[in-house]
Every structure is written in C-alpha cells, then in structure tokens.
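Comments concern the structure below.
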Amino acid sequence: MRESIIMKIHYGTALAAVALVAVHILFRMTQKFSDSLSYQNVIANYHFLPYALMLEVVLILLSVHGFNGLRVILLELKQGVAYERAINYGSIAATVALVAYGSRTILMAGMGMS
Amino acid sequence: MAERLSNREGIRGMANPTRYGIERVAYWLQRLTGLGLLAYLIGHIYETSSIVNGKVAWEKMLELTQTPQGHIILTIVIGMCVYHTANGIRVMLGHGGIGVGKPGEPEYPYKAASLNYKQRLCIWVSIALAALAMMYGAAVLFGD
Amino acid sequence: MAVVAIPKASEEATSAPTPTTQPNTITLRISRFNPSNDSLPTFAEFKIPVQKWTTVLEAILHVKQNLDHSIAVRYSCRQASCGSCGMKINGKPALACYTKISEIGSKVVTVEPMSNFPIIRDLAVDFKQLFSDHKKMKPFIMRDDSEITPGTKEFVQTPKDLEKFLQFSYCIKCGLCNSACPTMATDESFIGPQGLAQAYRYVADNRDQGKKDRLKIVDQSHGIWRCHFAGSCSHVCPKGVDPAMAIQLLRGYLMGFRK
Amino acid sequence: MVNSIELDLLIVGSGLAGLRAAIQAAKTSSQIKIGVISKLQVMRSHSVSAEGGTAAVLYPEDGDAIESHVYDTVKGSDFLGDQDVIERLVYEMPSEVYQLEHWGMPWSRREDGRIGQRNFGGYSFPRATYAQDKVGFYEMQTLYDTCQKFDNIEFYNEWFVSSIIHDGQRFCGITAIELSSGNFYTFKAKALIIATGGAGRLYSFSTYALASTPDGLDMAFRAGMALKDMEFVQFHPTGILPSGILITEGARGEGGYLLNKDGERFMKRYAPSKLELASRDVVSRAMMTEINEGRGFKHETGVDCLKLDLRHLGKELIIRKLPAIREISLKFSGVDPTNEPIDVRPVCHYMMGGIHTNIDGATEIQGVWAAGEVACNSVHGANRLGANSTAECLVWGKITGELAAKYVLDGKSPTPFPLHLVAADEKRIFDGIFRGSGNVNPYEARQELTEIMNEKAYVFRNERDLVEGLKKVRELRQKSWRHVDDKAKEYNTNFTNVMELDSMFRVAEVILVGAIARKESRGAHARTDYPDRDDKNFLHHTLVYYDTKEPILKTHPVTITKYKPVERKY
Ligand SMILES: Cc1cc2nc3c(=O)[nH]c(=O)nc-3n(C[C@H](O)[C@H](O)[C@H](O)COP(=O)(O)OP(=O)(O)OC[C@H]3O[C@@H](n4cnc5c(N)ncnc54)[C@H](O)[C@@H]3O)c2cc1C
Ligand code: HEM
Ligand code: SF4
Ligand code: F3S
Ligand code: FES
C-alpha cells in the first residue's frame with residue numbers, strides 16, 4: 001500500500017477517535033467516577049447496543065492507529081527488507097489480535113454471556 | 001559496528017530532546033505519549049476483559065487499579081491522552097501545510113518561519129492542557 | 001584625462017594585514033578518527049590564540065597549519081556559501097566558517113564530525129547518500145520545452161512566483177539538517193530534509209511540470225512520511241532554507257490539503 | 001600496479017565552466033561516458049561565491065546593443081582583448097541566460113515577469129543579469145541539478161588531479177589521487193576539458209575560496225602548454241576587512257559610495273563620469289592612491305582601508321537586493337551596512353591570464369580544451385569587466401563541451417598509452433613530495449609566498465619590487481618545505497596542500513616574470529615606472545612556457561577587428 005494511504009488512515013483514525021474517546025470518557029463522568037465503574041453499570045453499558053457498537057469502533061480505531069504508530073517507530077529504528085516485512089505484517093497481526101481480544105469482551109459482555 | 005561506521009546518532013540521538021528547541025521536545029513527547037497510550041490501551045483491554053469472568057473477577061481487577069500507584073498511572077494516562085490529542089491535531093494540520101508559515105526571502109539572522117510563535121504557542125497550550133487535565137483527574141481520582 | 005596618477009615608487013605604502021588587538025587563548029578539542037587505523041574516535045586538545053572575528057574554521061586551520069598537519073577537515077569558500085565545513089561544534093551541527101569563537105561564549109570549543117554521515121576521517125564525512133538522495137528527487141525543471149531553440153525568450157515568472165520557491169533554492173547542501181533530524185538518527189533509508197526540501201523547491205516552481213512524478217517518489221515508506229515535523233532541520237539550517245516548512249507544504253499535496 | 005579508469009571525456013573541475021561543459025557534452029551524445037573530476041565535492045567550487053551578475057544583452061528594445069557590450073568589453077580590456085573572441089562571448093550570451101532560465105535558474109525578475117538586470121562597472125547599460133547577490137551560487141545549482149538529468153555524467157568528488165598525460169601531440173589521460181582512500185589512479189580518455197578555475201590564493205588578501213590554487217594552470221604548464229597574460233591579476237576594489245571576502249560590485253551598482261577619510265566621494269576626481277562604476281582597475285588604483293596619499297582609514301587590524309557607504313540606499317533595498325552583503329558584513333565584520341559604512345580595500349579577485357587557447361577553447365595539445373577562469377582565450381585582455389567571467393564560463397563551457405564530445409565521437413584511434421609518464425608522475429609526487437623530508441613548515445612557506453605576492457605584485461608595481469619579489473620567491477622555493485608530515489593515506493589534505501604549494505611556486509614565478517617583462521601600464525597591470533600604455537611595444541599577449549630551468553617567454557598577437565586602440569577614459 002502507498003505510504004500516503006496508510007498515513008491518511010493513521011490521521012483519520014486519530015481524528016475519529018478524538019470524538020469517540022471523548023464520548024467514552026464523558027460516560028465515565030455522568031456519575032461519580034468510581035460508581036461508573038461498578039460492575040452493574042459497566043454491564044449495563046455493554047448491553048446498551050449503540051454504546052457497545054461505539055466501543056467496538058473505538059477499539060478498532062485506536063488499535064489501528066496505535067499499532068501503526070508503533071510500526072512507524074520500528075520502521076525508523078532499523079532497516080532491512082526482512083525486518084521491514086516482519087514489522088509490517090507483525091503490526092497487522094497485532095492489530096487484528098487486539099481487536100479480536102477486545103471484541104470478545106464486548107461481544108460476550110454485550111450478549112450477557114457472563 | 002555498522003552503527004558507528006555510519007556515525008548515526010542512534011536511538012539516543014533520536015530520543016534526546018534537549019538540543020533543538022521546543023519543537024523537538026514536542027516531537028519527543030508525541031512519541032513517548034503515543035507509546036504510553038498504546039501500552040495503556042493494551043492494558044486497558046486486558047483489564048476490561050475480566051468482565052466476562054463475572055463480578056468477582058471484575059472487582060478484583062478494579063481493586064488492582066484502585067491503589068495510589070494505579071491512580072498515578074491513570075493520571076499520567078490522562079495527561080498523555082490530552083497532550084497527544086492536542087499536539088496530534090497541531091501536527092496533523094502542520095503535516096497538511098497549515099500554520100507552517102509562508103515562503104519568503106528570509107532575512108539574516110535567519111529565523112525559520114515554520115518554527116513560528118503559533119506553533120510554539122500550540123505546543124505550550126497542549127502541555128498546559130495536559131497539566132490541567134492531570135490536575136483535574138488527580139483531584140477526581142484521589143478525591144474519591 | 002581620467003587616468004589615475006600613479007605615485008612614485010618610493011611613495012608606495014604596502015601593508016600586510018597584521019592584527020594589533022590582543023588575542024585570547026582558548027582550548028580547541030578536535031575529534032580524531034581514522035576508521036582504517038583506529039577503533040574509536042579520540043580527542044586531541046590544542047591551546048590556540050583567537051581574535052574577536054576568528055571563526056571555528058580559522059581556529060582549526062591554525063592547528064592544521066602550525067600544530068598538527070594531519071587534521072582532516074573539509075573547507076573551501078570560508079564564507080558560508082559552499083557548504084563544506086559542517087560539523088558539530090560543542091554538540092550542535094553548524095558551519096565552522098560561520099561560527100565565531102567569540103559568539104560561542106566558551107573557553108573550550110569541541111568539534112566533532114556531523115552525525116548521521118559516515119566518517120571518512122576526523123572531521124571529514126561521506127556525502128554519498130546525500131548527493132544520491134538529492135539526485136533521486138529529480139531536481140530539475142521537468143517539461144518538454146526546457147531546451148531552448150533560437151529566438152526563445154524566458155518563461156514568465158513574476159517576483160511573486162519566484163518567492164514561492166526562492167527560499168528553498170538557498171540550500172548549500174551542507175547536510176546540517178540531515179545531521180540534526182531525529183529520524184535521520186536511526187533511519188538509514190530516510191530521504192532526509194535536504195532532499196525533501198529540494199523536491200519541494202522544484203514542485204513550487206511555476207516553470208516545472210513534474211509535481212506528480214516527485215510526489216510519487218517521496219510517497220514511500222522511507223519518504224516524506226518519516227518526517228514528524230520535529231523542526232530540528234530548520235533550527236540548524238545556516239541559510240534560512242527552512243526545510244521543515246518545505247516538507248510540510250509538499251506533504252500538503254499528498255494529504256489533499258493543497259492543490 | 002596503478003589503478004586505471006577508462007572514460008571518453010574527462011572534465012577536470014566542477015565549477016561553472018566544468019558543469020556547463022558536462023551538460024553540453026552529455027546533450028551532444030548520450031553515448032559517451034563523461035567524468036567530472038574535482039578535488040572538491042560538487043557545489044563546493046569557488047564559483048558558488050560569485051555574487052553580482054552575468055552580463056548579457058537581453059533588452060535591445062530598451063536601448064541595449066550587442067555592439068555596446070562588445071565595445072565596453074574591448075575598452076575594459078584596455079584593448080588587449082581579442083575582439084573576435086569578445087564578439088563571440090557577447091553573441092552567445094543572451095541564449096545562455098535564457099537556457100539557464102529554462103533549466104530553473106531563479107533569476108531575479110522585473111514586475112512584468114521578465115529577467116532583471118542591474119548596473120555594473122564599466123558598462124554603458126545595466127546588463128548584469130542577476131539573481132539577488134548570489135548569482136554564481138544559483139548558476140552552479142541550476143547547472144548541477146540539470147546534470148542530474150543525464151545518466152552518462154559521473155561525478156568524481158574529491159579526486160586531486162596531479163598531471164596531464166599526452167604523447168607529445170595528443171591527449172591520453174590524467175593521473176589523480178582519490179582523496180578518501182589515498183589511492184593513485186590513471187584515467188584514460190579521448191578528450192579533456194580543463195576547468196580548474198582561478199588561482200587567487202597566490203595572494204594573501206584574496207576573495208577566492210581557499211581551494212583556488214593554481215594546480216590546473218600548473219598541470220597544463222608542466223605538460224607543455226603555454227600560460228598566457230598571467231601578469232594581469234585583477235584587484236577588486238571592495239574586499240571586506242579583515243577576511244578579504246568580496247563585497248560585490250553590485251553594491252556600487254545599486255548606488256553605493258566610496259568615501260575617504262575626509263568623507264569625500266573621491267572617485268569624482270579619478271573618473272568624473274562613471275564615478276564608482278568605472279572599471280575595476282581604475283577604481284582600485286584610485287583607492288590605493290587615496291590610501292598612499294594618507295586619506296585612508298586604519299582598520300583595527302592595522303591595515304589601511306576606505307569606506308563603502310550604502311546607508312543612503314535604505315534598509316529595504318539592501319535587504320531585498322543585497323542580502324548576502326548585509327549578511328557577510330554583519331557576520332564577518334560585525335558591521336550593519338544599513339547604518340554603518342563598510343571597511344574595504346582592493347583585493348585579489350581574478351586572473352585574466354590562463355592556459356593559452358584559441359577562440360574555441362582548444363589548447364596546443366590535441367584533445368585538450370580549457371574553459372572558464374583557468375583558460376585564457378583573451379576575452380578579458382588586460383582587465384575583466386565584472387559579470388563577464390561567469391558569462392565566459394558558460395559560453396566556453398558550452399563550446400568546449402560540444403567540441404570535445406564531437407572529437408570523442410570522431411574516434412581517432414588511440415595511441416599507445418605512455419605508461420612511463422604515469423610512473424614518472426607517481427615518482428614526482430610520492431617520492432618527491434609525500435616521502436620528502438625537511439624542516440620548513442609548508443604552510444608557513446605558503447603564507448610567506450602569498451605575502452610576497454601581495455607586497456610585490458599588488459595594484460601598483462615597479463621593476464625593483466618585482467625583481468625582488470622574484471628573487472624572494474625563488475629563494476623560498478629552494479627551502480625544504482617539500483614534505484608531508486601526515487603519513488596516513490586516507491583524506492590526506494596535508495599531502496594535497498603541499499602539492500598545491502608546489503604549483504603555486506611555479507605559477508607565481510610566471511606572474512612575476514610576465515610582469516617584469518611588460519614595461520608599460522595596461523589594464524590591471526600598473527607600473528609606476530612605466531605609467532603609460534605602450535601600444536607600439538606591448539600590444540601583444542605574453543606567453544610563458546615551462547622549462548626545467550627558467551620559464552620561457554614568448555609573445556602572441558592581439559586580434560583587432562573593429563576597434564583601434566584609443567585612450568581609455570571613464
Ligand atoms: C568572490 C567572487 C565573486 C565573483 N563574482 C562574479 C560576478 O558577480 N560575476 C562574474 O561574472 N564573475 C564573478 N567572479 C568570477 C567568477 O566567479 C569565476 O571566474 C568563475 O566562477 C570561475 O569558474 P570556473 O568554473 O572557471 O572555476 P571554479 O569555480 O574555481 O572551479 C574550479 C574547479 O576546479 C577544481 N580543481 C582545481 N584544481 C584541481 C585539481 N588539482 N584536481 C581536481 N580538481 C581541481 C576545483 O575543485 C573546482 O571544482 C567572482 C569571483 C569571486 C572570487
Ligand atoms: C485520540 C486522539 C489522538 C490523536 C489526535 C492522535 C494523533 C496522532 C498523530 C497526528 C500522530 C502522528 C505523529 C507523527 O507522525 O509525527 C500520532 C502518532 C501516534 N499515536 Fe496517536 N493520536 C491519538 C490517540 C492515540 C492513542 C489513544 C494511541 C494509543 C493507542 C495513540 C498512539 C500513537 C502512536 C504509538 C503514535 C506513533 C508516534 C510517532 O510516530 O511519533 N494515539 N497520533
Ligand atoms: S537545507 Fe539548510 S541545513 Fe540542509 S543542507 Fe540545505 S543549507 Fe544545509
Ligand atoms: S528535523 Fe526531521 S523530522 Fe522533519 S521537520 Fe525536519 S525533517
Ligand atoms: S567553507 Fe564554505 S561553507 Fe564553510
């Protein structure tokens with residue numbers, strides 16, 4: 001992929017995340033901070049579908065942005081065809097893994113499987 | 001060996017923010033906070049995953065974070081998040097060629113137009129916002 | 001008759017420049033390293049006299065001429081227009097001929113070769129990469145009619161058009177920017193601020209039609225995106241080129257912010 | 001065994017002339033392999049320091065004319081310039097300016113978007129085409145960048161060329177040392193263009209880059225080519241103190257005044273109509289007369305000087321049109337020209353003389369051309385006008401580049417390579433210099449030599465000084481400075497510095513010998529003992545040939561087409 005496309009994704013994810021993370025944090029502020037983290041409250045959040053969906057989106061955005069950021073740093077640290085290929089695929093794998101792991105939580109908590 | 005022959009400054013040079021003005025500090029902080037946030041994100045997702053294991057597991061996990069150390073870490077995360085976001089927006093606009101000055105005929109002694117006061121102001125504002133957010137966050141966290 | 005009256009031989013006064021003001025003494029520490037003989041750079045120290053206008057280059061040449069002939073240092077114009085004498089002076093990249101000892105404000109002056117360039121010997125570093133990256137930017141006017149034919153006049157370019165790129169034309173290829181840039185510190189394949197700024201210099205020239213080509217060249221994994229607007233390049237540039245600005249303006253096209 | 005590289009066309013020197021030649025040769029044929037060899041890296045040549053302008057007739061519609069440029073140059077040359085050569089320069093120049101413009105040169109522009117021109121000394125029309133006050137730098141950049149288009153131009157950065165190898169008639173190759181490794185090489189090729197620039201570092205007070213030593217002149221001289229008119233050394237009126245860095249004539253072109261101790265614009269007494277913009281030899285002599293008659297200032301270094309006043313031009317104009325001047329005086333003298341006059345003194349600035357060539361830039365050896373300041377095709381005669389030298393570099397860069405490329409394409413069958421000459425040169429530099437011994441510091445010898453030149457062959461000259469100078473130079477040359485204390489191979493500039501010094505001695509001698517022989521005052525050569533021009537006995541060029549004992553002097557006729565010598569007034 002052209003580097004410009006990757007970096008546009010990097011910036012795009014960041015911008016989109018700004019708004020959504022703000023919502024995520026504001027949710028923590030609707031009540032006393034520690035109450036917002038009580039088990040019932042959190043589960044209730046997950047059951048609220050739009051919020052759960054938003055969490056999923058935030059998860060994807062930040063994983064993509066964060067691991068691409070890490071990829072950039074690693075690409076700059078060391079060069080070499082094999083190394084760079086490993087970094088590129090490695091960061092995709094890491095992104096996928098983190099998203100999968102996070103989605104599992106959202107899915108399971110949201111479906112009331114716990 | 002190769003590093004020395006090519007005389008690259010290496011990671012230490014890249015990570016040394018002290019020599020070239022505030023813009024270099026801003027760059028360094030952006031990197032550091034980016035990495036910090038990534039680490040937090042991973043930790044946070046691991047943390048929240050405990051919810052699928054029921055109330056007990058969740059509360060046990062929460063307890064882990066509700067220590068003074070946990071609060072300090074969260075305070076730092078808040079600061080990192082605010083700085084990285086605010087400065088990130090500055091950097092993004094800059095990368096698009098916005099606010100980086102206009103080409104002209106520079107006068108000696110040369111001052112680079114891209115290192116202008118608007119950029120520096122934005123950097124300081126990002127730092128200040130992060131500090132404010134950290135104070136607020138600390139008040140909330142420790143206030144509980 | 002306007003011919004100058006020529007004085008008698010005896011009236012001639014010849015005066016060689018002999019300084020009358022009292023010199024100061026400073027310590028000059030020069031990094032010595034010959035990769036084929038030494039394993040590590042070492043410092044040689046010299047006590048030398050300086051005047052208020054003595055430049056670091058003059059100080060080094062004083063050592064070379066009087067104390068140790070074997071110092072390897074590159075220089076030519078001694079007026080900051082050829083870009084030969086970039087080095088680290090007390091830790092920061094600068095032109096030796098353009099830094100006066102008196103402005104450093106220190107009794108000890110340490111000179112080292114520029115970072116991020118392989119050392120040939122002592123203060124002389126290898127510029128192969130910089131020159132080849134410069135070439136990769138296609139630093140020339142790209143259009144079909146760039147060769148003139150009889151009767152050709154100039155392409156019209158107003159002072160305003162000129163101003164859009166003139167500043168970036170000041171680049172003397174001294175490499176200081178590349179030696180200050182944090183990405184350059186670790187990334188061997190990064191084009192570097194010097195090359196990227198020159199890519200913009202031609203893109204911004206209203207006579208040029210090679211924008212598309214050059215945008216493609218810089219849009220690579222070790223191209224323009226590896227600049228994080230750290231600004232260190234512009235901080236050290238001795239000619240006011242402001243590569244950081246050039247790079248961001250060039251990236252503006254790729255981001256779609258500029259047309 | 002000596003390493004060897006084979007190419008078609010060699011260009012020694014990557015200054016304006018060398019780069020222009022490389023482009024023209026590459027344009028002429030993409031089949032020939034071109035090597036541009038320089039002891040400096042690209043873009044470090046002295047040409048980057050040229051400031052003021054490049055002369056060309058661009059606006060006949062505004063009143064300029066080819067004939068006017070021709071006549072100004074002939075007059076500037078004090079009638080020693082070959083007039084056919086001058087015509088060639090003037091005819092070719094306009095298209096060179098446009099060609100550079102098409103290649104990306106950032107010429108300063110008029111409001112209507114056309115190329116700007118300014119006033120310069122000795123011209124009857126403002127025809128110095130300018131790009132701020134960094135003309136040479138921008139021209140170099142444009143040419144170097146344009147070279148990047150061609151894949152058959154290879155740059156050999158930091159190779160010190162030591163000798164030209166030929167079989168007595170035809171060019172065979174050169175020998176050179178790669179500075180970074182210290183290895184000795186032979187380059188074999190069919191043609192050579194020498195473009196090694198001027199040699200102003202022969203003088204201790206000089207505008208030149210520190211690398212401007214006469215190695216190129218000397219290698220041609222040793223190879224049997226004649227040096228022509230070397231006694232004509234131009235002293236530019238305004239070298240800034242204490243460094244000798246140039247304050248461009250453009251500063252006076254824009255309206256700057258020269259003032260003496262009494263605050264008087266003394267030029268009105270020497271050149272009532274042109275004032276500060278008379279030709280350089282006239283202004284420099286006027287300045288030295290003022291100084292000698294006690295109307296100079298004492299600079300804090302103890303040197304006599306005069307003041308160049310730009311204050312009345314206004315800050316805005318200075319910043320816009322003379323930014324480099326402002327920068328240079330602020331940085332190197334601590335003077336801001338917008339509110340203080342600058343200390344200046346005549347300074348060694350240009351060599352009118354050089355390797356003897358014909359109108360095409362061809363030398364006496366087949367396959368060897370010379371272009372730029374190192375060459376003397378007699379376009380400048382006894383005194384060069386400002387802005388005519390970058391012009392010369394461009395025009396003869398182009399001419400020689402094309403001719404040399406065509407010569408290569410003609411493909412004369414190669415003669416056997418005279419390997420014994422390579423061996424002899426290796427012996428000369430490695431045994432004679434690198435492994436030499438002695439206790440005289442070569443750098444001190446160099447300093448002394450340049451001071452002798454500055455004292456004995458400066459703006460005003462006379463028999464006694466010149467003879468004494470020659471004697472001193474010869475004595476100094478006998479001393480044991482021929483050794484290199486740095487024993488390393490890599491980047492050994494101690495070695496090249498001593499080789500440069502070796503060439504300086506030979507060429508200094510040529511200058512002095514020529515100056516002694518020319519018993520008249522003409523152009524830049526002003527003899528107090530022969531104050532008048534003597535067209536009866538000296539309207540000829542001086543040629544000097546190498547000989548193991550003493551240089552051999554000859555003369556060569558001046559080509560006069562339209563303009564008979566008359567008295568020169570400004
Ligand atoms: C300060 C200053 C300002 C000037 N301003 C003007 C102006 O405004 N207008 C104008 O018309 N003229 C001006 N001139 C004159 C003009 O700049 C020069 O005459 C011209 O640049 C000479 O160019 P060149 O290509 O002949 O040589 P240079 O630029 O001197 O290049 C010589 C080349 O030869 C190489 N070389 C030398 N010896 C060796 C060797 N042994 N082995 C390998 N390579 C070697 C050098 O490395 C260099 O690359 C000015 C001159 C000075 C000093
Ligand atoms: C939500 C607001 C955010 C914004 C506006 C934002 C913006 C940016 C920008 C513009 C960059 C590019 C910097 C450059 O190329 O110089 C960047 C880099 C980075 N970001 Fe973010 N970001 C945000 C959130 C995050 C989060 C939450 C994380 C953690 C997961 C993160 C991790 C990173 C990393 C690791 C980098 C790479 C650092 C570097 O290259 O210097 N960012 N961010
Ligand atoms: S941009 Fe500035 S610092 Fe970089 S090479 Fe050019 S002149 Fe030197
Ligand atoms: S220092 Fe390097 S990161 Fe960019 S702004 Fe300059 S190139
Ligand atoms: S010697 Fe030319 S820039 Fe310093």
Side-chain angles (χ1 to χ4, degrees), chain B residues 1-34 84 87-116 118-120 122-123, chain C residues 33 35 39-41 91-92 113-119 125-126 129 162-168 170 179-180 182-188 200 204 224-225 227-258:
Chain B
M1 185 66 191
E3 202 57 33
R4 203 193 72 239
L5 281 183
S6 67
N7 198 31
R8 300 232 167 234
E9 276 196 297
I11 297 182
R12 275 167 66 211
M14 182 265 271
N16 173 358
T18 60
R19 297 162 295 173
Y20 304 110
I22 184 73
E23 292 82 2
R24 182 72 170 253
V25 177
Y27 154 85
W28 176 78
L29 279 174
Q30 183 75 1
R31 286 230 131 151
L32 220 60
T33 53
H84 188 91
N87 188 58
I89 291 170
R90 172 190 75 92
V91 167
M92 240 183 283
L93 291 174
H95 284 184
I98 295 170
V100 296
K102 230 180 99 211
E105 290 182 21
E107 275 170 36
Y108 177 81
Y110 304 119
K111 277 201 216 80
S114 68
L115 312 179
N116 55 35
K118 276 186 269 172
Q119 295 288 337
R120 280 200 299 272
C122 288
I123 294 170
Chain C
F33 179 53
S39 54
L40 278 177
K92 260 185 148 188
M114 275 194 292
S115 310
N116 308 341
F117 290 82
I119 300 175
V125 297
D126 187 338
Q129 193 189 358
L162 184 63
E163 198 160 77
K164 295 201 174 108
F165 70 89
L166 185 63
Q167 157 170 28
F168 310 116
Y170 286 174
S179 113
T183 305
M184 282 312 258
T186 52
D187 191 340
E188 289 170 18
Y200 184 67
I224 194 162
W225 303 98
C227 163
H228 304 282
F229 195 17
S232 311
C233 48
S234 298
H235 194 86
V236 298
C237 176
K239 300 309 271 182
V241 173
D242 203 349
M245 186 208 290
I247 297 169
Q248 313 319 318
L249 291 178
L250 183 59
R251 183 156 39 190
Y253 292 117
L254 287 166
M255 297 265 282
F257 283 32
R258 310 178 77 219

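Letters A, B, ... mirror the listed sequences (proteins, then strands); counts begin at 1. Only heavy atoms go into these numbers, but all of them, side chains included; no hydrogens, no water, no symmetry mates.
For B/Tyr108, the side-chain contact (heavy atoms from CB on, under 4.5 Å) partners at least two apart in sequence or on another chain are B/Tyr110, C/Tyr98, D/Arg326, D/Glu327, D/Leu330, D/Lys331. With sequence neighbours excluded, the residues satisfying side-chain contact (heavy atoms from CB on, under 4.5 Å) with B/Lys118 are B/Asn116. C/Cys237 pairs by the side-chain contact (heavy atoms from CB on, under 4.5 Å) definition with C/Lys239, C/Val241, C/Pro243, not counting sequence neighbours.
Residue C/Phe168 touches chain B through its side chain alone, counting heavy-atom pairs closer than 4.5 Å. At a 4.5 Å heavy-atom cutoff, the contact between C/Phe117 and chain B is made by backbone atoms alone. Contacts between C/Asp187 and chain B at a heavy-atom distance below 4.5 Å involve the backbone alone (N, CA, C, O). Neither the backbone nor the side chain of B/Glu107 comes within contact range of chain C, judged by heavy atoms closer than 4.5 Å. Heavy atoms closer than 4.5 Å to chain B are found in the side chain of C/Met255, but not in its backbone. Residue B/Arg31 touches chain C through its side chain alone, counting heavy-atom pairs closer than 4.5 Å.
Using a 4.5 Å cut-off between non-hydrogen atoms, the part of residues 14-23 of chain B that approaches chain C consists of B/Met14, B/Arg19, B/Tyr20, B/Gly21, B/Glu23.
Residues C/Pro182 and B/Arg24 form a side-chain contact, since some pair of their non-hydrogen atoms from C-beta on lies under 4.5 Å apart.
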- Query: Could you walk me through whether B/Ser114 and C/Asp242 pass the side chain to side chain donor-acceptor pair (under 3.5 Å) check?
  - Reply: CA-CA 7 Å; B/Ser114 68; C/Asp242 203 349; 2.6 Å; yes

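If you tally non-hydrogen atom pairs under 4.5 Å between each of C/Pro238, C/Ala246, C/Gly256, C/Ser232 and chain B, the highest count goes to C/Ser232. Among B/Ala112, B/Gly97, B/Pro103, B/Ala26, the residue with the largest count of heavy-atom pairs under 4.5 Å with chain C is B/Pro103.
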